[in-house]
Amino acid sequence: MKTVFINCSPKKRFCASAYFLFLQRLFTGGEKVNETLRTPADHARILEQLRDAQAVVFGVPLYVDGVPSHVLRFMEEMETFCRGNGLKFSVYCIANNGFIEGKQNEPLMQVFGHFCTRAGLVFGGGVGIGGGVMLNVTRILFIVDIVLLLLNTVLSAANTGSFFPKEAWISFAENAALLLYFNLGVLFYLAGMGRAIRRGAFFGKKYTRILIPSFVFILFADIFFIIISVLEGGIFRGWLARKEFGKS
Ligand SMILES: Cc1cc2nc3c(=O)[nH]c(=O)nc-3n(C[C@H](O)[C@H](O)[C@H](O)COP(=O)(O)O)c2cc1C
């Protein structure tokens, strides 16, 4: 069984879609092919991979409550390609968005459902994930935790001769458990969708989010965006800058 995973984020590095597709691959058996869809130059290569595929998993960021335009362009071409070649595989979708409610991906899921009907494909459903940016950050935090644990182990070995610094291990386990908890909803549904992909079955549309209270999310999101705004063009990306009207 061949499953094609298509990362539809236009970002070259560190996109949330890549993280969720990585997790989905852990729960999916058989032959796995990874593709990235960023420009029209990717279309022909990906379409060739679809010829003998049994399942396709799209990893898509939510843009303005919908499907990013470069993905829509590909879907139009894919519709013609699949109809012309009589292809009939299952399509699944992992959509993620920046705001906390995963349910905001519902319109995007509907687009994928209608697309499958038009293209003669089988819509297998998908997972809509809220707080995608923050969940993506949890993987960096996990790597930082591992690095800190290694550093502590080296220092402990050098200073006391012990390769098992107890405090450092307890702190690592606590942090890892917390990060795992944030991701539990995602892991639960991606595991379920993995089973559906293996059986070629319908999974349905499921919505989840980073598992933290909304008021905590808003606080961290505000801090995050203020820092990003300052780093990338001043406070609030130029909202307070002098404007010159009448110029195109
Ligand atoms: C042009 C643009 C439009 C976006 N529109 C929305 C939106 O309508 N709702 C939302 O919750 N997040 C929105 N986002 C945030 C992205 O969905 C979010 O950053 C996502 O995690 C990006 O996934 P990626 O890292 O895989 O590209 C938007 C981001 C961009 C760049």
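Atoms within each ligand, like the ligands themselves, are counted from 1 in listed order.
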Show me a pair-per-line table, with atom names and distances to 0.1 Å, of protein N or O atoms that are under 3.5 Å from an N or O of ligand 1.
| unit_1 | atom_1 | unit_2 | atom_2 | d |
| --- | --- | --- | --- | --- |
| ligand 1 | 5 (N) | Leu62 | O | 3.4 |
| ligand 1 | 5 (N) | Val64 | N | 2.8 |
| ligand 1 | 8 (O) | Val64 | N | 3.2 |
| ligand 1 | 8 (O) | Asp65 | N | 2.9 |
| ligand 1 | 11 (O) | Asn97 | ND2 | 3.1 |
| ligand 1 | 11 (O) | Gly98 | N | 3.3 |
| ligand 1 | 11 (O) | Phe99 | N | 2.9 |
| ligand 1 | 12 (N) | Gly98 | N | 3.1 |
| ligand 1 | 14 (N) | Leu62 | O | 3.4 |
| ligand 1 | 17 (O) | Leu62 | O | 2.7 |
| ligand 1 | 21 (O) | Asn96 | OD1 | 2.5 |
| ligand 1 | 23 (O) | Asn96 | ND2 | 3.4 |
| ligand 1 | 25 (O) | Lys11 | NZ | 2.7 |
| ligand 1 | 25 (O) | Ala16 | N | 2.8 |
| ligand 1 | 26 (O) | Ala16 | N | 3.3 |
| ligand 1 | 26 (O) | Ser17 | N | 2.8 |
| ligand 1 | 26 (O) | Ser17 | OG | 2.6 |
| ligand 1 | 27 (O) | Ser9 | OG | 2.6 |

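Within 6.0 Å of CZ on Arg118 lie no more than 12 heavy atoms contributed by other residues, nucleotides or ligands.
A cation-pi contact links Arg25 to Phe5, judged by a cut-off of 6.0 Å to the six-membered ring centre and 45° from its axis.
For the residue pair Gln49 / Lys2, a side-chain donor-acceptor distance below 3.5 Å is found, with atom types taken as modelled.
For Phe123 and Phe112, the ring centers sit 6.0 Å or farther from each other.
For Arg51 and Glu48, the salt-bridge test passes: some basic side-chain N is under 4.0 Å from an acidic carboxylate O.
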Full working for side chain to side chain donor-acceptor pair (under 3.5 Å) between Thr36 and Asp42: CA-CA 7 Å; Thr36 48; Asp42 298 318; 5.1 Å; no
